[in-house]
Colleague: 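Can you read through this structure? Questions will come right after.
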Amino acid sequence: FQSVQLPENIPRWELDIYHGGAVNNRIQREKIIESCHKIILMHLERLLTPDSMPNLKSAEDQEADLKKREQSSDNLIAHAMSSNDDAFHFRLYELLSQFRPYILTRLSGHRIESWLKNHNAVMLRDSYRKQKMFTKAVQLDYELSHQKNISLSNRITHLANCLEDMSDMPKGIKERGIGNNSKGASTLNNINNIPSLATIRSMYEMSKVQLNIKIQTKASWQQLKVFLENESSNIQNRDHFEREIEKRGAALDRLEEMLYDPSTLYNEYARPLAVWDSCLVIIAHCGGATNENIHELWQGIIYREVPLKAISKDVQEYLNGYRKHVRIPQDAVVRLLEQNNPIKFEHGDWIPKLKARISSLGQQLLKIKTANSFPLAFLAEKLEDLAFRHRNAAKESNILLSSDDLLAESWPLDCLVEAMSSSYYELFATYAKLASKSKNEDPSLQTQLIVQISRLITKWLMEASLARDIDGKGSRPNVEITVSLASAAKKDELNRTLSELRQRLQILRGSFQTNLKAAIDKVIAHLN
């Protein structure tokens, strides 16, 4: 072995680290290397950190200095990234995460990818997207959406990110999914099987349903706890309600643990916990329910909003009968809280909430292309019956109604119009059938339905008029309104139906008191 003569001007630190000395002492060697790293990173930190001293230079000089500092820091980072020292890379990333975290998303390489995956998955996704590595971005978010110990809201965010990333991927890949059988998958490194765009979209929609179930379950869980604390001495079957509290608490924990498929959400959570709107959304996406099932769920939603106490004994009997008619079992919270609910049916305080509930849920369901869970004819009949009962009950209890509601309360039609947006033709056909079906019913109910059709025609004409802007180009919904109106007029359905209803109303006019005949005459004139 022949010794090598070293130059005299070699620094001591280089001698210690690379030419003997402390090189055999691992701990000391690592400390010395760390000190070297700190020297480099200290200079980088100075470049990244604004001066704390007052700057007396002109604005132009300050801007020039800033550009120079940024260029120097970029050059230093570029040189640092060429290092093969893992420890130095990780110390560099720690520094950048404190002072310029956005720079981390611009860097590439296996070291920064590994570091971001362990320290900041959100920034890693941003890094993938900036480098147009959408497949890796999808894989990352898909894996994160299924990991343990994260909240349901974070799972939903990751699935939403998947959809965003997949929208930027090549069409063939996002339709088939990413995996070994996908064309082009051989060019993707370390990409595990990921479902297709349609599958991930379905998972995303179901995750939102799961969140709704969780929110409503938490609300009922809290209501039960508060009620039992305040009314402990007046509650029968306390053990039963304590079990309900325990059941809801356990469900809340499980809903956070993982994402569930539609069947599990429906059968193990939405249905047992009486979250009827989520049941309908699942049916809208997946199908598989009979009309009877769908009607029962809507009955449950209506039943929950309608007070079960009334001033009139006759109305109370009707409400009791309505309650028995609803075959779907109600949850413990409704059964418990209705006992102390001061709202009476006649007062109508429940109407705005029911109206908002049906219109918002209807809008949600009808956005789903396969939706079959918004039974228009059934809902129109049920809501109009409720409005008819309420109007008569309010009159009997001397509760004042607005002049517009003397012949027919407008809220059933209003909420269905809001739910169905531009589907005036379908609403018109539904109400026309309902009016025809009611020929042998109470004259007041027949008149109510005819008045609703008159109102619907007014809304239809108004919307069609608004669709004709200066250029004659309306938005798509308004164009559909105009076309449907023209189609109904061309087929003579509109005139024929209005003529029949006008004749019926003229006959029914004799059944009303003098003070209402003037209002009926206005409707007859409008039907002309």
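Values in this document were obtained by computation on a predicted structure and should not be read as measured data.
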Colleague: If you define the side chain from C-beta out and look only at heavy atoms, does anything of Gln448 sit under 4.5 Å from Leu407?
Modeller: no

Colleague: Between the side chain of Ser423 and the main-chain N/O of Glu426, is any donor-acceptor distance below 3.5 Å?
Modeller: no

Colleague: State whether the number of non-hydrogen atoms from other residues, nucleotides or ligands found under 6.0 Å of Lys218 atom NZ is greater than 12.
Modeller: no

Colleague: Assess whether side-chain hydrogen bond (donor to acceptor under 3.5 Å, both in side chains) is satisfied between Asp442 and Gln446, documenting all intermediate values.
Modeller: CA-CA 6 Å; Asp442 187 306; Gln446 294 185 55; over 6 Å; no

Colleague: Where do Val315 and Arg389 land on the side chain to side chain contact (heavy atoms under 4.5 Å, CB included) test, with the steps shown first?
Modeller: CA-CA 8 Å; Val315 177; Arg389 303 276 181 177; over 6 Å; no

Colleague: Using side chain to side chain contact (heavy atoms under 4.5 Å, CB included) as the criterion, list what pairs up with Lys439, not counting sequence neighbours.
Modeller: Ser436, Arg504

Colleague: Can you name the nearest heavy-atom pair linking Gln452 to Pro412, along with the distance?
Modeller: NE2-CD, 4.1 Å

Colleague: Can you find a pair of side-chain heavy atoms, one from Trp460 and one from Phe428, that are under 4.5 Å apart?
Modeller: yes

Colleague: Only counting residues at least two apart or in another chain, list the ones meeting side-chain hydrogen bond (donor to acceptor under 3.5 Å, both in side chains) with Glu381.
Modeller: Lys437

Colleague: So do Leu365 and Leu361 actually touch side chain to side chain, heavy atoms under 4.5 Å?
Modeller: yes

Colleague: Flag the pair Ile358 / Glu418 as yes when at least one side-chain heavy-atom distance between them is below 4.5 Å, and no otherwise.
Modeller: no

Colleague: Might you work through the salt bridge (Lys or Arg N to Asp or Glu O under 4.0 Å) test for Asp414 and Lys459, ending with a clear yes or no?
Modeller: CA-CA 10 Å; Asp414 291 341; Lys459 291 176 182 288; 3.3 Å; yes

Colleague: Take Thr199 and Ser196 through the side-chain hydrogen bond (donor to acceptor under 3.5 Å, both in side chains) test and state the conclusion after the steps.
Modeller: CA-CA 5 Å; Thr199 302; Ser196 66; 3.1 Å; yes

Colleague: Checking Tyr204 now: which residues fulfil ring pair (Phe, Tyr, Trp, His ring centres under 6.0 Å) with it, not counting sequence neighbours?
Modeller: none

Colleague: Which heavy atom of Arg125 sits nearest to which heavy atom of Leu140, and what is that distance?
Modeller: N-CD2, 3.7 Å

Colleague: Please find the pair of heavy atoms, one from Ser397 and one from Glu346, that lie closest to each other, and give the distance.
Modeller: OG-CG, 3.6 Å

Colleague: Give the minimum heavy-atom separation between Met206 and Leu265, together with the two atoms involved.
Modeller: O-CD1, 3.5 Å

Colleague: Check step by step if side chain to side chain contact (heavy atoms under 4.5 Å, CB included) holds for Ile343 and Lys309.
Modeller: CA-CA 7 Å; Ile343 297 177; Lys309 292 183 179 179; over 6 Å; no

Colleague: Is there a side chain to side chain contact (heavy atoms under 4.5 Å, CB included) between Arg391 and Ser444 once you walk through the steps?
Modeller: CA-CA 10 Å; Arg391 182 164 52 86; Ser444 182; 3.3 Å; yes

Colleague: Just wondering, do Gln299 and Lys382 contact through their side chains at under 4.5 Å, heavy atoms?
Modeller: yes

Colleague: What do you reckon, is CD of Glu246 surrounded by more than 12 foreign heavy atoms closer than 6.0 Å?
Modeller: no

Colleague: Given the side-chain rings of Tyr269 and Tyr260, with only the six-membered ring counted for Trp, is the space between their centroids under 6.0 Å?
Modeller: yes

Colleague: Please tell me whether His390 and Phe345 form a close aromatic pair, meaning their ring centres lie under 6.0 Å apart.
Modeller: yes

Colleague: Checking Ser454 side chain against Ile450 main chain: does a donor-acceptor pair fall under 3.5 Å?
Modeller: no

Colleague: Are the aromatic ring centres of Phe378 and Trp298 under 6.0 angstrom apart?
Modeller: no

Colleague: Output yes when a side-chain donor or acceptor of Asn293 lies under 3.5 Å from a complementary backbone atom of Thr290, and no otherwise.
Modeller: yes

Colleague: At what distance, to the nearest 0.5 angstrom, does CD of Glu396 lie from CG of Asn392?
Modeller: 6.5 Å

Colleague: What distance separates Asn161 CG from Thr157 OG1, expressed to the nearest 0.5 Å?
Modeller: 6.5 Å

Colleague: Looking only at atom types and distance, does a side-chain atom of Ser202 sit under 3.5 Å from a main-chain N or O of Ala198, one as donor and one as acceptor?
Modeller: no

Colleague: If you compare all heavy atoms of Asn212 against all heavy atoms of Ser278, which two are closest, and at what distance to 0.1 Å?
Modeller: ND2-OG, 2.7 Å

Colleague: Going from CZ on Arg357 to CG on Leu354, what distance comes out if it is rounded to the nearest 0.5 angstrom?
Modeller: 9.5 Å

Colleague: Would you say Gln216's side chain and Leu273's backbone share a donor-acceptor pair under 3.5 angstrom?
Modeller: no

Colleague: CD of Gln139 to CG of Asp165: how many Å apart, nearest 0.5 Å?
Modeller: 11.5 Å

Colleague: I would like to know whether Leu386 and Trp411 meet side chain to side chain contact (heavy atoms under 4.5 Å, CB included); could you show each step before the answer?
Modeller: CA-CA 10 Å; Leu386 276 174; Trp411 64 266; 4.3 Å; yes

Colleague: Should Glu244 and Arg248 count as an ion pair when the cut-off is N to O under 4.0 Å?
Modeller: yes

Colleague: Are side-chain heavy atoms of Arg455 and Ser410 found at a separation under 4.5 Å?
Modeller: yes

Colleague: At what distance, to the nearest 0.5 angstrom, does CD1 of Ile302 lie from CH2 of Trp350?
Modeller: 9.5 Å

Colleague: I'd like to know if Glu164 and Arg129 make a salt bridge, using a cut-off of under 4.0 Å between side-chain N and carboxylate O.
Modeller: yes

Colleague: Quick check against the 3.5 Å criterion: does Gln210 have a side-chain atom that pairs as donor or acceptor with the backbone of Met258?
Modeller: yes

Colleague: Could you check whether any side-chain heavy atom of Tyr318 comes within less than 4.5 Å of a side-chain heavy atom of Asp385, counting everything from C-beta outward?
Modeller: yes

Colleague: Heavy-atom distance under 4.5 Å between the side chains of Leu416 and Thr430, does that happen here?
Modeller: no

Colleague: Nearest 0.5 Å please: distance from the NZ atom of Lys208 over to the CG atom of Leu211.
Modeller: 10.0 Å

Colleague: Is it true that the side chains of Asp261 and Thr264 contain a donor and an acceptor less than 3.5 Å apart?
Modeller: yes

Colleague: If you take all heavy atoms of Leu259 and Ser145, which pair is closest and at what distance?
Modeller: CD1-O, 3.8 Å

Colleague: For Glu257 and Arg254: C-alpha separation, side-chain torsions, deciding distance, then whether salt bridge (Lys or Arg N to Asp or Glu O under 4.0 Å) applies.
Modeller: CA-CA 5 Å; Glu257 289 174 358; Arg254 292 195 303 274; over 6 Å; no

